[in-house]
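Sequential numbering from 1 along the given sequence is applied to the chain's residues. Nothing here was measured: the structure is a model prediction, and the numbers come from that model.
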Amino acid sequence: MEDLLARARQCLQHAAHIAVLSGAGISAESGVPTFRDAQTGLWARFRPEELATEDAFRRHPERVWDWYAERRASLAAVQPNAGHLALAEFERRHPGRLTVITQNVDGLHQRAGSQGVLALHGSLAEDRWLDPCALHRQGACDVARAEPGRPPRCPQCGNPVRPAVIWFGEMLPEDALRQAEQAASRCDVMLVVGTAGAVYPAAGLAHQARAVGAQVIIVNPHPSELDELAHLRLAGSAAQVLPRLLDF
Ligand code: APR
């Protein structure tokens, strides 16, 4: 690992632009369960695909609302870990040189101090209305003033509130995705941290970086679906590897 770490650090030292693609694994050492490893609570009974969809929310609003409420509650108790902090501190030392693109909705990169994080799957901390509605377009209703409930609803028209995360099958935020594709297309190194690489279009950014000639470095204790793209694979955890990889 030492030799691989030295080679990866050398790659990064020569990189003018570094794009980071992170997934749930970078938050694992903060105590946030990853999608593939989670076995507790609602995770054990339902697959994310059965909870993180609009259809699941319309069929079982209380179950889906409760799952997100459970995840939000657990987030209140966790902190960014050494992996998040290493990225944020690197950005401070090398302004404009590193772009964080994340699939995570936990806000831990932002809390660690990373700027301009491209959150492709939205944010667990925010809500929005489930359906577009004339009242809301006129600004007559505010999510913050929704009637409490599981889920909360608009007192005027009954529209339910939903988490402002991107559910399976939904379009990613256009601006974030466009900026992420720009970062992937101009980077000299793409650092892929803590993702199984199973969900697109996020995982496609690693293919895009490889296609423009960027060095692809993977940090993950286990194999991932992006491994065949990697020039270097560091088989370690984010909190262990990133501080040693980015300490320049
Ligand atoms: N450090 C680095 N990687 C880790 C660590 C760690 N400490 N612990 C686990 N991993 C790796 C696992 O080996 C796995 O490859 O993190 C990855 C987590 O994979 P997933 O749980 O599938 O999470 P992710 O790839 O981010 O999922 C992508 O799928 O469920 C949807 O929208 C959801 O954003 C999510 C997307």
Side-chain angles (χ1 to χ4, degrees), residues 22-85 87-88 100-131 133 136 141-155 158-173 176 193-196 199 202 238-239:
S22 74
I26 198 170
S27 298
E29 285 153 293
S30 294
V32 181
T34 67
F35 293 92
R36 273 71 187 168
D37 306 338
Q39 303 301 327
T40 56
L42 283 162
W43 298 93
R45 290 160 46 206
F46 304 101
R47 290 180 305 109
E49 290 77 4
E50 293 173 291
L51 292 164
T53 68
E54 182 179 327
D55 183 49
F57 184 64
R58 289 186 186 279
R59 286 167 186 257
H60 310 289
E62 288 185 356
R63 177 193 298 168
V64 175
W65 183 261
D66 289 353
W67 182 55
Y68 282 96
E70 193 178 287
R71 290 173 64 191
R72 282 172 172 166
S74 64
L75 266 191
V78 304
Q79 296 299 325
N81 63 54
H84 300 107
L85 293 169
L87 288 169
V100 173
I101 305 162
T102 190
Q103 301 171 85
N104 299 341
V105 296
D106 58 31
L108 289 178
H109 281 299
Q110 296 89 329
R111 283 176 53 196
S114 279
Q115 303 299 309
V117 174
L118 300 174
L120 297 181
H121 294 169
S123 163
L124 202 48
E126 288 157 35
D127 283 328
R128 67 177 178 86
W129 295 113
L130 176 63
D131 293 311
C133 149
H136 308 142
C141 302
D142 173 0
V143 171
R145 291 208 304 268
E147 262 171 1
R150 295 165 53 224
R153 288 184 181 276
C154 168
N159 199 355
V161 171
R162 56 161 284 182
V165 298
I166 304 300
W167 279 335
F168 285 101
E170 293 186 326
M171 298 294 286
L172 271 58
V193 185
T195 181
V199 172

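- A cation-pi contact, defined as under 6.0 Å to the ring centre and within 45° of the axis, links Arg72 to Trp65.
- Scanning for side-chain contact (heavy atoms from CB on, under 4.5 Å) contacts around Glu170 gives Glu54, Arg128, Arg162, Ile166, Trp167, with sequence neighbours left out.
- Relative to the six-membered ring of Trp67, Arg71 meets both conditions, a distance below 6.0 Å and an angle of at most 45° to the axis.
- For the side-chain contact (heavy atoms from CB on, under 4.5 Å) test, residues two or more places apart in sequence or in another chain that qualify with Thr53 are Asp55, Ala56, Phe168.
- When every heavy atom of Leu85 is checked against every heavy atom of Pro80, the shortest pair comes out as CD1-O, 4.4 Å.
- A 4.5 Å side-chain heavy-atom check between Val165 and Tyr68 finds at least one atom pair inside the cut-off.
- Between Glu147 and Pro152, every side-chain heavy-atom pair lies at or beyond the 4.5 Å cut-off.
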* For Ile26 and His109, run side chain to side chain contact (heavy atoms under 4.5 Å, CB included): C-alpha distance rounded to whole Å, both residues' side-chain angles, the deciding distance at 0.1 Å, then the answer. => CA-CA 9 Å; Ile26 198 170; His109 281 299; 3.6 Å; yes

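- When side chains are defined from C-beta on, His121 does not count as touching Asn104, because their heavy atoms never get closer than 4.5 Å.
- Ala238 and Glu29 make their closest contact through N-OE1, 3.5 Å (heavy atoms, listed as atom of the first residue, atom of the second, distance).
- Taking OG1 from Thr102 and CG from Leu120, the interatomic distance works out to 7.5 Å, rounded to the nearest 0.5 Å.
- The minimum heavy-atom distance between Ala119 and Ala176, with the atom names listed, is O-CB, 4.3 Å.
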* Hey, mind stepping through Gln79 and His84 against side chain to side chain contact (heavy atoms under 4.5 Å, CB included) and telling me if it holds? -> CA-CA 10 Å; Gln79 296 299 325; His84 300 107; over 6 Å; no

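- In terms of heavy-atom proximity, Asp127 sits nearest to Pro163 at OD1-CA, 3.7 Å.
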* Asked: Would Asp106 and Leu124 satisfy side chain to side chain contact (heavy atoms under 4.5 Å, CB included), going step by step from the backbone distance to the final call?
  -> CA-CA 6 Å; Asp106 58 31; Leu124 202 48; 5.7 Å; no

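- Electrostatic pairing of Arg150 and Glu62 counts as a salt bridge here, judged by a charged N lying under 4.0 Å from a carboxylate O.
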